[in-house]
Amino acid sequence: MSRIYEALQKAESERKVERTEREPRPEERPETEHAPASVVVEYERPLSQVSDSADDLRVEEDRFETSGGLNLRAVKRCAWTPSIQRLPSLLERGPAVEQFRSLRSRVFEARDIKPIKSILVSSGLPQEGKSFVSANLAVSLARHKNSKVLLIDGDMRRYTLHELLGAESHPGLADYLSGKASLEDVMQRPSENTNFPDIERQVLSNLTFIPGGNGGDKAADLSGNSRFADLLRIAAPHFDWIIVDSSPVIPVSDGVNLARSCDGVLLVARSGVTKYTVAQRAAAELRAANVLGFVLNAVHEDLGAGSYYNYNADKE
């Protein structure tokens, strides 16, 4: 019995030794069995703390103005001397102001039906008032709730919008489309140090302008350049409206080429001058575009209704 007991004790002692040798000591455990390494988690700022100071707001503004490949802070500011005679929509009230308000309302109605941001303004033939309508529509839109408007002179053969604004004519759209200048280089905004009346300064501060540059005989090729569609795509997030003045569509193809990249087209006809067949042909040239309608320009005012324009409507 005692021998059996001793044998059992010896066997148990040997098993303990074997278990001890087989089980690694805590300090000898493989590195992979150590406690999991801590993971560095980037601190995520609560939304409630974002933009709660002036510095934060400035950072947010910088992010907005530099996103999408366009740095609006790099756009130069120039001294503009707008012509009130050719930009009557800058006035606080008057017949022209009311007419362009009406046109603006029609544009808003069209946008309710289909999303519209970029509008090309053209005509069948020269001298029908497309540049006048383009510039004043842009100003009227900029007056409405401080909307941000980009006005582009797309007539690279006879560019005149810079004369209405009293702005520089170069560099312009032709330089951008030919790859000679960046988008920031061809854009311009009015100088902050101006002597304009408050209402004019406020409206013009909402405008950014791209002059025509000098496309010359290459204007047709430049207007078909895919860089124009890129321009609209890059600029779109930064503006509420983009108005493009173009050359007339019957004598040259520039306007038709540019219209393919725009959301809508307004055609201008001059009262007592534009023939019906010309208007028909202009619309036919743009059959591939979204023609929003015609604007009848240079209509003689009915003096009997003149007093109504002085009605003191609410300011925008």
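Values in this document were obtained by computation on a predicted structure and should not be read as measured data.
Contact between Ser131 and Asp245 at its shortest, heavy atoms only, is OG-OD2, 2.6 Å. Between Phe294 and Ala279, the closest heavy-atom pair is CZ-O, 3.4 Å. Of all heavy-atom pairs spanning Pro251 and Leu125, the tightest one is CD-CD2, 4.3 Å. Among all heavy-atom pairs drawn from Cys262 and Val244, the shortest one is SG-CG2, 4.2 Å. Scanning all heavy atoms of the two residues, the minimum distance from Arg270 to Gln127 falls at CD-O, 3.4 Å. The minimum heavy-atom distance linking Ile243 with Val149 is given by the pair CG1-CG1, 4.3 Å.
Criterion: ILVMFWY side-chain heavy atoms under 4.5 Å apart, direct or through other members. Under it, Tyr159 and Leu183 are not part of a common hydrophobic cluster. Note on Ile84: it clusters hydrophobically with Val203, by side-chain heavy-atom contacts below 4.5 Å among ILVMFWY residues. Taken together through direct or relayed side-chain contacts under 4.5 Å among Ile, Leu, Val, Met, Phe, Trp and Tyr, Val273 and Val278 form parts of separate hydrophobic clusters. Two different hydrophobic clusters hold Val252 and Met156 under the rule that ILVMFWY side chains link at heavy-atom gaps under 4.5 Å.
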- [ ] Mind running side-chain contact (heavy atoms from CB on, under 4.5 Å) on Lys76 and Met187 for me, showing each step along the way?
- [x] CA-CA 7 Å; Lys76 62 180 178 294; Met187 283 182 168; over 6 Å; no
Open item on the list: For Leu286 and Val256: C-alpha separation, side-chain torsions, deciding distance, then whether side-chain contact (heavy atoms from CB on, under 4.5 Å) applies.
Closed with: CA-CA 6 Å; Leu286 292 161; Val256 176; 4.2 Å; yes
Open item on the list: Let's go through Glu92 and Val97 carefully: what are the C-alpha distance in whole Å and the side-chain angles of both, what is the deciding distance for side-chain contact (heavy atoms from CB on, under 4.5 Å) to 0.1 Å, and is it a yes or a no?
Closed with: CA-CA 7 Å; Glu92 195 165 357; Val97 175; over 6 Å; no
- [ ] May I have the step-by-step check of salt bridge (charged side-chain N to carboxylate O under 4.0 Å, His left out) for Arg86 and Glu163, ending in yes or no?
- [x] CA-CA 9 Å; Arg86 302 177 71 180; Glu163 296 175 356; 3.7 Å; yes
Task: Worked verdict on Ile210 versus Leu231 for side-chain contact (heavy atoms from CB on, under 4.5 Å) - done: CA-CA 11 Å; Ile210 297 179; Leu231 185 159; 4.2 Å; yes
TODO: Test side chain to side chain donor-acceptor pair (under 3.5 Å) on Ser89 and Ser140 and set out the steps.
DONE: CA-CA 6 Å; Ser89 54; Ser140 185; over 6 Å; no
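Phe100 is not listed as a side-chain neighbour of Arg104, based on a closest heavy-atom distance of 4.5 Å or more. Leu292 places none of its side-chain heavy atoms less than 4.5 Å from the side chain of Arg106. Pro82 places a side-chain heavy atom less than 4.5 Å from the side chain of Leu204. Counting heavy atoms from C-beta outward, Leu150 and Trp241 have side chains that stay 4.5 Å or more apart. When side chains are defined from C-beta on, Leu103 counts as touching Val133, because their heavy atoms get closer than 4.5 Å. Here the side chains of Val121 and Val268 are in contact, with some heavy-atom distance below 4.5 Å. At least one side-chain heavy atom of Leu266 sits under 4.5 Å from a side-chain heavy atom of Leu137. Side-chain contact between Arg233 and Asp230: present, with at least one pair of heavy atoms (C-beta onward) separated by less than 4.5 Å.
Here Arg189 contributes atom CZ and Cys78 contributes atom SG; the two are 11.5 Å apart, rounded to the nearest 0.5 Å. A distance of 13.0 Å separates CG of Leu90 from CZ of Arg201, quoted to the nearest 0.5 Å. Atom CG of residue Asn257 and atom OG of residue Ser247 lie 9.0 Å apart, to the nearest 0.5 angstrom. From Leu232, atom CG reaches atom CD1 of Ile234 across 9.5 Å, with rounding to the nearest 0.5 Å. In this structure, CZ on Phe228 lies 7.5 Å from OG on Ser118, to the nearest 0.5 angstrom. In this structure, His162 NE2 and Gln188 CD are separated by 10.0 Å, a value rounded to the nearest 0.5 Å.
At distances below 3.5 Å, not a single donor-acceptor pair connects side-chain atoms of Ser147 with backbone N or O atoms of Arg143. Looking at Glu128, its side chain does come within 3.5 Å of a backbone N or O of Gly124 through a donor-acceptor pair. The closest donor-acceptor contact from the side chain of Ser182 to the backbone of Asp185 lies under 3.5 Å.
Side chains of Ser246 and Asp155: no donor on one and acceptor on the other come within 3.5 Å. A donor and an acceptor atom, one from each side chain of Asn146 and Gln202, are located under 3.5 Å apart.
Other residues, nucleotides and ligands place more than 12 heavy atoms under 6.0 Å from the CG atom of Asp112. Remark: Lys218 NZ is loosely packed, at most 12 non-hydrogen atoms of other residues, nucleotides or ligands lying under 6.0 Å away.
Relative to the six-membered ring of Tyr176, Arg227 meets both conditions, a distance below 6.0 Å and an angle of at most 45° to the axis.
Screening Arg260, Arg158, Arg157 for a salt bridge (charged side-chain N to carboxylate O under 4.0 Å, His left out) involving Asp254 leaves a single residue, Arg157. Checked options Asn214, Ile152, Val186, Asp153; the residue passing with Leu173 is Ile152 (criterion: side chain to side chain contact (heavy atoms under 4.5 Å, CB included)).
At a threshold of 4.0 Å, the pair Asp240-Lys117 does not count as salt-bridged, since none of the basic side-chain nitrogens sits closer than that to a carboxylate oxygen.
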